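Here the structure is laid out as structure tokens; the discussion comes afterwards.
Given the structure is predicted, the values throughout are model-derived calculations rather than measurements.
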Amino acid sequence: MKRYHSHLGRDIVVTGGSARDLAAGQFGILAIDGGAGGWSVVHKGPEGDVVELNNEMHFELPEQALAFLKELIDLMPPGEPQP
């Protein structure tokens, strides 16, 4: 399962896969234990490093994680190149 979104020019991938499947610069919403453990929000940097953006908090539904991620993107400076 993969769903693609874009918010303010930033790529977001909702997936049951892992962060390894993301391209550099993409944001991801990843299923934990197939979604049974919740959903995690991550960003894959240009060097391939992955940062979990929601710390220890996991979301029950992917839609909640997507809303959270869109709020984070809204806080980013406009016109800043995508990492």
Side-chain angles (χ1 to χ4, degrees):
M1 164 199 71
K2 275 193 184 179
R3 290 186 287 172
Y4 296 92
H5 297 269
S6 181
H7 185 69
L8 299 177
R10 313 281 177 155
D11 293 333
I12 303 169
V13 179
V14 180
T15 181
S18 73
R20 289 187 300 263
D21 299 335
L22 299 175
Q26 283 185 321
F27 291 91
I29 299 173
L30 308 177
I32 302 167
D33 294 330
W39 296 82
S40 179
V41 177
V42 300
H43 179 262
K44 188 169 189 176
E47 303 298 320
D49 51 319
V50 177
V51 177
E52 187 172 0
L53 301 176
N54 55 303
N55 296 319
E56 298 296 317
M57 177 178 67
H58 295 124
F59 297 93
E60 186 175 323
L61 301 171
E63 294 82 6
Q64 294 168 325
L66 182 60
F68 172 81
L69 183 51
K70 286 180 177 181
E71 287 181 28
L72 284 179
I73 291 171
D74 286 341
L75 295 173
M76 296 174 78
E80 183 141 326
Q82 185 168 336

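Note: the hydrophobic cluster containing Val13 does not contain Leu53 (ILVMFWY, side chain heavy atoms under 4.5 Å, direct or indirect links). Connection of Ile29 to Met76 is established within a shared hydrophobic cluster, with ILVMFWY side chains joined at heavy-atom distances below 4.5 Å, either directly or through further cluster members. Linking ILVMFWY residues whenever their side-chain heavy atoms come closer than 4.5 Å, directly or via other members, leaves Phe68 and Leu30 in distinct clusters. Transitive grouping of hydrophobic side chains (ILVMFWY, heavy atoms separated by less than 4.5 Å) brings Val51 and Ile12 into a common cluster. A single hydrophobic cluster is seen to contain both Met57 and Leu72, as judged by linkage of ILVMFWY side chains at heavy-atom distances under 4.5 Å, directly or through other members.
Of all heavy-atom pairs spanning Ala31 and Gly16, the tightest one is CB-CA, 3.8 Å. Nearest heavy atoms, Ala19 versus Lys44: O-NZ, 3.6 Å. The minimum heavy-atom distance linking Pro77 with Arg10 is given by the pair O-NH2, 4.0 Å. When all heavy atoms of Val41 and Asn54 are compared, the pair lying nearest together is N-OD1, 2.9 Å. Of all heavy-atom pairs between His58 and Gly37, the closest is CB-O, 4.2 Å. Residues Trp39 and Glu60 come closest through the heavy atom pair CD1-O, 3.5 Å.
Under a 3.5 Å cut-off, the side chain of Gln26 and the backbone N or O of Leu22 do not form any donor-acceptor pair.
When the shell of 6.0 Å around CD of Glu63 is examined, it contains more than 12 heavy atoms from other residues, nucleotides or ligands.
Using a 3.5 Å distance cut-off with no hydrogens or angles, the side chains of His7 and Glu71 do not pair a donor with an acceptor.
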